[in-house]
Q: 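Take this structure, written in structure tokens, and hold onto it; I'll ask about it next.
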Amino acid sequence: MMYELQRQEVWRLSRDSIAVPIDEPSSGSSKQNSKTSALQGEEWLQEAVGRYHFHSQEAEEGGEESIRCSSVVVQPVEAPLSVVWSLVRRFDQPQIYKHFVRNCSMRGEGDLKVGCLREVRVVSDLPAANSTERLDILDEERHILSFSIVGGDHRLSHYRSVTTLHERLVNGKPGTIVIESYVVDVPHGNTKEDTCLFIETIVKCNLQSLAHISQHLGAHRG
């Protein structure tokens with residue numbers, strides 16, 4: 001049975017990060033306005049999510065019809081954007097701040113350019129062994145990184161992630177807002193809610209680690 005994909009009414013909070021379930025916008029919907037009002041007047045954030053973090057819920061071309069889920073996680077970081085970006089842009093070294101990554105190796109020449117592939121091995125605690133990931137976007141000017149999982153031993157079919165960095169005041173000081181979104185097929189036998197909860201937990205842990213490391217580096221560089 002296929003379930004209709006709709007945005008959930010609740011927003012999940014974890015420490016100082018926020019996860020926002022998303023789906024295709026519906027024009028003229030009063031519910032849409034009530035949900036986005038949870039951003040508490042942060043119009044720039046709504047605009048950034050709408051511009052860079054919209055993911056189609058339709059099945060991948062040529063693939064079987066499937067249930068998909070997507071969400072956005074927002075993480076404030078008390079560190080300059082340049083410091084945070086120096087970590088995020090390292091597609092070849094995700095283990096710098098992603099603690100669930102055991103190691104990573106690049107295929108081919110290893111140049112950081114769109115289309116390059118990395119082989120990622122994860123820690124044994126996760127229900128996966130490895131993944132092959134492709135760099136889809138590396139925008140040094142707008143500070144956007146996007147990648148897709150294209151192979152490996154895991155259950156994250158058609159997974160795609162987009163991360164954007166935005167220079168804002170954080171606790172009254174120059175800082176960075178990191179926004180990471182994803183879309184993925186819901187594995188057979190799992191619910192949409194369970195899938196979102198699992199992925200959001202990992203993303204939040206990654207971003208909180210990114211914030212901690214960035215703030216440490218920023219304090220030493222300052």
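No hydrogens, no waters, no symmetry mates; every other heavy atom, side chains included, goes into these values.
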Q: What's the separation between atom CD in Glu133 and atom CG in Leu117, rounded to the nearest 0.5 Å?
A: 10.0 Å
Q: Would you say the side-chain atoms of Arg155 pair up with the backbone N or O of His188, donor to acceptor, closer than 3.5 Å?
A: yes
Q: Using side-chain heavy atoms (C-beta onward) and a distance below 4.5 Å, is Tyr52 in contact with Ile144?
A: yes
Q: Could you list all the side-chain hydrogen bond (donor to acceptor under 3.5 Å, both in side chains) pairs where at least one residue sits in residues 84-93, not counting sequence neighbours?
A: Trp85-Glu140, Arg89-Glu140, Arg90-Asp92
Q: Using a 3.5 Å distance criterion without hydrogens, assess whether the side chain of Ser146 forms a donor-acceptor pair with backbone atoms of Ser161.
A: yes
Q: Would you kindly confirm whether Val184 and Ile137 end up in one hydrophobic cluster when ILVMFWY residues are joined by side chain heavy atoms under 4.5 Å apart?
A: no
Q: Is it true that, when you exclude His99 itself, more than 12 heavy atoms of the residues, nucleotides or ligands shown sit nearer than 6.0 Å to its NE2?
A: yes
Q: Closest approach of Ser181 and Val72, non-hydrogen atoms and distance?
A: CB-CG2, 3.7 Å
Q: Could you check whether any side-chain N or O of Thr201 sits under 3.5 Å from a backbone N or O of Leu197, counting only pairs where one atom can act as donor and the other as acceptor?
A: yes
Q: Kindly say whether His158 contributes a backbone atom to a donor-acceptor pair with the side chain of Arg68 at under 3.5 angstrom?
A: yes
Q: I want to check a possible cation-pi pair here: Arg118 against Phe147, using under 6.0 Å from ring centre and within 45° of the ring axis as the test.
A: yes
Q: Measuring from atom OG1 of Thr164 to atom CD of Glu180, what distance do you get when rounded to the nearest 0.5 angstrom?
A: 9.5 Å
Q: Just distance, no hydrogens or angles: give the donor-acceptor pairs under 3.5 Å from side chains in residues 169-178, sequence neighbours left out.
A:
residue : atom : partner : partner atom : Å
Asn171  : ND2  : Glu78   : OE2          : 2.6
Thr176  : OG1  : Ala79   : O            : 2.9
Thr176  : OG1  : Leu81   : N            : 3.1

Q: Please check: side-chain N/O of Ser148 versus main-chain N/O of Arg134, any donor-acceptor pairing under 3.5 Å?
A: no
